There are 2 protein chains.
Amino acid sequence: MRLELSVDRSSPVPLYFQLSQQLEAAIEHGTLTPGSLLGNEIELAARLGLSRPTVRQAIQSLVDKGLLVRRRGVGTQVVHSQVKRPLELSSLFDDLEAAGQRPATRVLVNAVVPATAEVAAALAVPEGSEVHRVERLRLAHGEPMAYLCNHLPPGLLDLDTAQLEATGLYRMMRSAGLTLHSARQSIGARAATAAEAERLTEPEGAPLLTMRRTTFDDTGRAVEFGDHIYRPSRYAFEFQLLVRP
Amino acid sequence: MRLELSVDRSSPVPLYFQLSQQLEAAIEHGTLTPGSLLGNEIELAARLGLSRPTVRQAIQSLVDKGLLVRRRGVGTQVVHSQVKRPLELSSLFDDLEAAGQRPATRVLVNAVVPATAEVAAALAVPEGSEVHRVERLRLAHGEPMAYLCNHLPPGLLDLDTAQLEATGLYRMMRSAGLTLHSARQSIGARAATAAEAERLTEPEGAPLLTMRRTTFDDTGRAVEFGDHIYRPSRYAFEFQLLVRP
DNA sequence: AAGTGGTCTAGACCACTGT
DNA sequence: CAGTGGTCTAGACCACTTT
């Protein structure tokens, strides 16, 4: 079977990216079946009128995504398994919306408060200095799903309550021009306190899933510190890991 | 300040890798301080007697690791924050050993059993066909920490009980020549059943951290399906996420 | 022996950022 | 404007795998 590939040299989209998108679409689509060989790079380059490094760049990006495997002396193959998207730095809001759950948010607190020692350490600001504190209850289908407490350094973002209820914090940060770069996460579990239980309509002592996260922008500044609790009957963390070679 | 860099052309180690290792060491070491500019690629290439693409390849690998940030028109900078290692496909055994906890393992079950529907689906084998089942209790400092139940397809690995108690399953898989490639994980929480509680010396109903994982090798074959429970007072999942640009 | 990916070179032009 | 990274080319040689 002959894969239809072509590139548009008048497009501003990089050639390697055009190629990788077409290959990815073919894999997603089933046109390139798992285990099938891609054909060697030189022949592929000649067919498309590209240089070999450009073709390699396209292929490499898909290898990095875990969709292709390269073997010296053998060739490039489509991975056999059902590879899903790897773990993204996504917000609960986006996760829910993608799952068609129509998320709702109730903002419980939106204030400027002095930083506690813990918050100060996470955000690398002086203890007692002013930070934003946002507490939100996230609901899906009218049922409480998670309680989210976030702290942000001052001056980064205009934390409008109406906007917080209409979208996710990450989306607001991105549209404010922040480039999110990395995050340090810790996921655990513990029993619900009386106050938490009431907020999440769970019995006291019920198991809860907890997540703490500090997010950094591309300059390495801490831009957000979150302390979240989830109802484990309603939410779990799912993700794909790739082994770094 | 002038960074000392050099490459050894007689070494079998790729030039770009020699360079990236030296840069990484300099960052780790503090010789390259956060925020500092790396100097442009062309000058760096000239200084080392390398071509620009080779230098770019070295830099790109560190950008992928989250240690460097590139900006058009600006330059390449060391990221400001304390970037730790991203999430690896590591075993609990390795995690504990790295933390100096002297892990111990007690193998509770090591048998060949017919695959349940769930196991069969995860491993992509026929329901009822023979699979290996391993149940282990993991202890640290003599205290139970996690209960691990794993299923493996037949014929992959020699599951020696003594070896299972001395090392981790992942390490055994790797030394058997398997190339682990990716894994699909789900992390959640729930209350302990009576049997689980007893095994982990927790009260019945205590919150537990749960993890299910299917691991694939580089051909996309499922090579392991694990269903693990952890005592949240003893263990949490910690990891670093990088945003894919 | 033949074919594959892995590495490397020495250029080139462009897009974006800062002054 | 000058300087940076982003993209691209047309070759080359090597290491590895399979036949």
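Computed from heavy atoms alone, side chains included, the values below leave out hydrogens, waters and symmetry copies. What you are looking at is a predicted structure, and each value in this text was computed from that prediction instead of being measured.
Protein atom CG of B:Leu38 is 16 Å distant from nucleotide atom C1' of D:dG3, rounded to whole Å. Rounded to a whole Å, the CD1 atom of A:Ile59 is 12 Å from the C1' atom of C:dT4. Taking atom CD on A:Glu43 and atom C1' on C:dA2, their separation rounds to 16 Å, with Å as the unit. If you take CD of A:Gln77 and P of C:dT4, they are 13 Å apart, rounded to a whole angstrom.
With sequence neighbours excluded, no residue forms a side chain to side chain donor-acceptor pair (under 3.5 Å) with B:Thr167. Remark: A:Arg71 pairs with B:Asp218 by the salt bridge (charged side-chain N to carboxylate O under 4.0 Å, His left out) rule, at least two apart or across chains. Residues satisfying the side chain to side chain contact (heavy atoms under 4.5 Å, CB included) criterion with B:Ala162, sequence neighbours excluded, are B:Asp160. By the side chain to side chain donor-acceptor pair (under 3.5 Å) test, B:Glu130 is found to be paired with no residue, residues two or more places apart in sequence or in another chain being considered. Scanning for side chain to side chain donor-acceptor pair (under 3.5 Å) contacts around B:Thr161 gives B:Asn110, with sequence neighbours left out. Under the salt bridge (charged side-chain N to carboxylate O under 4.0 Å, His left out) criterion, A:Glu118 pairs with A:Arg212, not counting sequence neighbours. For B:Glu135, the salt bridge (charged side-chain N to carboxylate O under 4.0 Å, His left out) criterion is met by B:Arg133, not counting sequence neighbours.
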Under 3.5 Å, which N/O atoms of the protein pair with N/O atoms of nucleotides 6-10 of chain C?
from	atom 1	to	atom 2	distance (Å)
C:dG6	OP2	A:Arg56	NH1	3.1
C:dG6	OP2	A:Arg56	NH2	3.1
C:dG6	OP2	A:Arg70	NE	3.1
C:dG6	N7	A:Arg52	NH2	2.8
C:dG6	O6	A:Arg52	NH1	3.0
C:dT7	OP1	B:Tyr16	OH	3.1
C:dT7	O4	A:Arg52	NH1	3.4
C:dC8	OP1	B:Leu15	N	2.3
C:dC8	OP2	B:Leu15	N	3.4
C:dC8	OP2	B:Tyr16	N	3.3
C:dT9	OP1	B:Arg9	NH2	2.8
C:dT9	OP2	B:Ser51	N	2.9
C:dT9	OP2	B:Ser51	OG	2.8
C:dT9	OP2	B:Thr54	OG1	2.6

### Query
How does DNA chain D read in dot-bracket, base by base from 5' to 3', with Watson-Crick or G-U pairs under 3.5 Å and | used when the partner is on another strand?
.|||||||||||||||||.
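Residue B:Gly75 is the one, among A:Val74 and B:Gly75, whose nearest nucleotide of DNA chain D lies closer to the 5' end (criterion: closest heavy atom).
Of the side-chain N and O atoms in A:Asn40, none sit less than 4.0 angstrom from OP1 or OP2 of C:dG3.
With salt bridges taken as basic N to acidic carboxylate O contacts below 4.0 Å, none links A:Arg136 and A:Glu165.
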